Amino acid sequence: MNSPENSMHGGKYVIIEDGVSIGKNVSIGHHTVIHSGTIIGDNVQIGSNAVLGCQPFQNSRVKHKVRAQKPLIISNNCKIGNNTVLYAGSILEEEVMVGDLASIRENTNVGNLSVIGRNVIVECRTKIGKRCMIQTGCYVTADMVMEDDVFMGPEVSTSNDKQMGTGTRKLKGPYIKKGVRIGNNATLLPGITIGENAVVGAGAVVTKNVQNSTTVIGNPARVLKRE
């Protein structure tokens, strides 16, 4: 472990493997495990029972070949909740907050000042922009892009496989552009694009692209208004 003297405040039964780098003024809760290679910046708060920097694994049903990942990077001033699981190969930029029970898979980038709420699942190969708000219980599928200033209400669900595991088509999650707001329990189907500053109403099921500055509601989602 590489840590400046007197800069880390660790709870009981913390496990820090070899090759971990820890910055100044870092707080680590009880029973947390930090795997080899993980890089933690300054002024980071980590809750209890967190697992940071674990490597991905697979069985024969997994389509994408799993490889050893580069270190997990947690940048300055991040806050990581209790019982979180953050995989190797991902980057949390400065001042990201990750709520209790959340999980972020490998090859994911979370931009500055974004919030990943309690019990949120973020799958692999995903990009989340700056100042995004992803609220409690959302499911962010793999192979998805979310630009800056996106809001997701609680329990939003996204998907990336039109053939539901039965075909060989390339997986592709939704592309959500800057400033989009998505209401509680909305469902976004694979491969769709939601344009800048669009609004998706609570409970909507979005099956096709949504234009910029457009509000959609219902199942399937239909246009309510355009600005």
Side-chain angles (χ1 to χ4, degrees), residues 56 62-65 87 89-93 96-99 102-117 119-227:
V62 176
K63 290 184 177 181
H64 288 271
K65 185 175 181 180
Y87 277 69
S90 289
I91 300 172
L92 274 59
E93 297 182 4
V96 168
M97 187 178 85
V98 181
S103 176
I104 299 176
R105 289 282 305 275
E106 69 273 13
N107 291 322
T108 292
N109 193 96
V110 182
N112 296 340
L113 291 164
S114 286
V115 175
I116 308 298
N119 204 35
V120 168
I121 305 298
V122 180
E123 298 285 15
C124 47
R125 302 180 301 277
T126 292
K127 180 174 176 56
I128 296 171
K130 299 176 182 178
R131 299 175 301 276
C132 292
M133 173 70 74
I134 303 176
Q135 295 201 327
T136 299
C138 289
Y139 177 75
V140 179
T141 191
D143 305 291
M144 179 168 168
V145 176
M146 188 183 305
E147 293 185 353
D148 299 341
D149 302 303
V150 171
F151 174 90
M152 276 191 174
E155 307 291 343
V156 170
S157 180
T158 60
S159 55
N160 67 357
D161 187 355
K162 288 185 177 181
Q163 296 174 299
M164 294 185 285
T166 62
T168 58
R169 185 178 298 176
K170 183 178 179 180
L171 303 179
K172 185 178 181 182
Y175 191 113
I176 303 176
K177 294 193 174 181
K178 184 175 180 179
V180 169
R181 291 169 289 161
I182 303 171
N184 298 17
N185 293 289
T187 299
L188 312 181
L189 268 59
I192 63 169
T193 297
I194 301 181
E196 288 189 12
N197 301 311
V199 176
V200 176
V205 178
V206 184
T207 62
K208 57 185 179 181
N209 295 344
V210 178
Q211 296 181 9
N212 295 349
S213 302
T214 299
T215 298
V216 296
I217 60 172
N219 179 9
R222 65 186 186 281
V223 174
L224 177 65
K225 65 176 181 179
R226 290 192 177 96
E227 295 182 4

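Computed from a predicted structure; not experimentally measured.
Scanning both residues, Tyr87 and Ser103, for their nearest heavy atoms gives CE1-OG, 4.4 Å. Gly201 and Ala186 make their closest contact through O-CB, 4.0 Å (heavy atoms, listed as atom of the first residue, atom of the second, distance).
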**Prompt:** side-chain contact (heavy atoms from CB on, under 4.5 Å) between Leu188 and Ile182: does it pass, once the steps are laid out?
**Reply:** CA-CA 10 Å; Leu188 312 181; Ile182 303 171; 3.9 Å; yes
**Request:** Would you please test Val110 and Glu93 for side-chain contact (heavy atoms from CB on, under 4.5 Å) and show each step?
**Result:** CA-CA 6 Å; Val110 182; Glu93 297 182 4; over 6 Å; no
**Asked** Run the side-chain contact (heavy atoms from CB on, under 4.5 Å) check on Lys177 and Thr193 step by step: do they pass?
**Response** CA-CA 8 Å; Lys177 294 193 174 181; Thr193 297; 3.9 Å; yes
**Stepwise side-chain contact (heavy atoms from CB on, under 4.5 Å) check, Ile134 with Met146** = CA-CA 11 Å; Ile134 303 176; Met146 188 183 305; 3.9 Å; yes
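With hydrogens and angles disregarded, no donor-acceptor distance shorter than 3.5 Å links the side chain of Ser90 to the backbone of Asn109. Checked by atom type and distance alone, the side chain of Asn212 pairs as donor or acceptor with a backbone atom of Glu196 at under 3.5 Å. Using a distance-only test at 3.5 Å, with no hydrogens or angles considered, a donor-acceptor pair links the side chain of Thr158 to the main chain of Thr141. Using a distance-only test at 3.5 Å, with no hydrogens or angles considered, a donor-acceptor pair links the side chain of Ser114 to the main chain of Gly129. The closest donor-acceptor contact from the side chain of Glu155 to the backbone of Asn185 lies at 3.5 Å or more, if one exists at all. Side-chain N or O atoms of Thr207 include none that pairs as donor or acceptor with a backbone N or O of Ala221 at under 3.5 Å.
Judged as a side chain to side chain contact (heavy atoms under 4.5 Å, CB included), and not counting sequence neighbours, the contacts of Thr214 are Val210, Gln211, Val216, Val223, Arg226.
Contact check for Met152 versus Val120: no side-chain heavy atoms found under the 4.5 Å cut-off. Counting heavy atoms from C-beta outward, Val140 and Ile116 have side chains that stay 4.5 Å or more apart. In this structure the side chain of Pro174 reaches within 4.5 angstrom of the side chain of Met144, judged on heavy atoms. Residues Pro220 and Val205 are not in side-chain contact: their nearest non-hydrogen atoms beyond the backbone lie 4.5 Å or more apart.
Here SG of Cys124 is found 7.5 Å from CG of Asn107. Values are rounded to the nearest 0.5 Å. Atom CG of residue Leu224 and atom OG1 of residue Thr215 lie 6.0 Å apart, to the nearest 0.5 angstrom. Rounding to the nearest 0.5 angstrom, the gap separating the CD1 atom in Ile192 from the CD1 atom in Ile194 is 4.5 Å. Residue Lys162 holds its NZ atom at 12.0 Å from CG of Leu171, rounded to the nearest 0.5 Å.
Classification of Arg105 and Glu123 as a salt-bridged pair holds, one side-chain N sitting under 4.0 Å from a carboxylate O. Note on Asp148 versus Lys130: no salt bridge recorded, every NZ/NE/NH1/NH2 to OD/OE distance being 4.0 Å or above.
Of the residues listed (Asn160, Thr108, Asp143), the one engaging Arg125 in a side-chain hydrogen bond (donor to acceptor under 3.5 Å, both in side chains) is Asp143, and it is the only one.
Atom CZ of Arg181 has 12 or fewer neighbouring heavy atoms from other residues, nucleotides or ligands inside a 6.0 Å radius.
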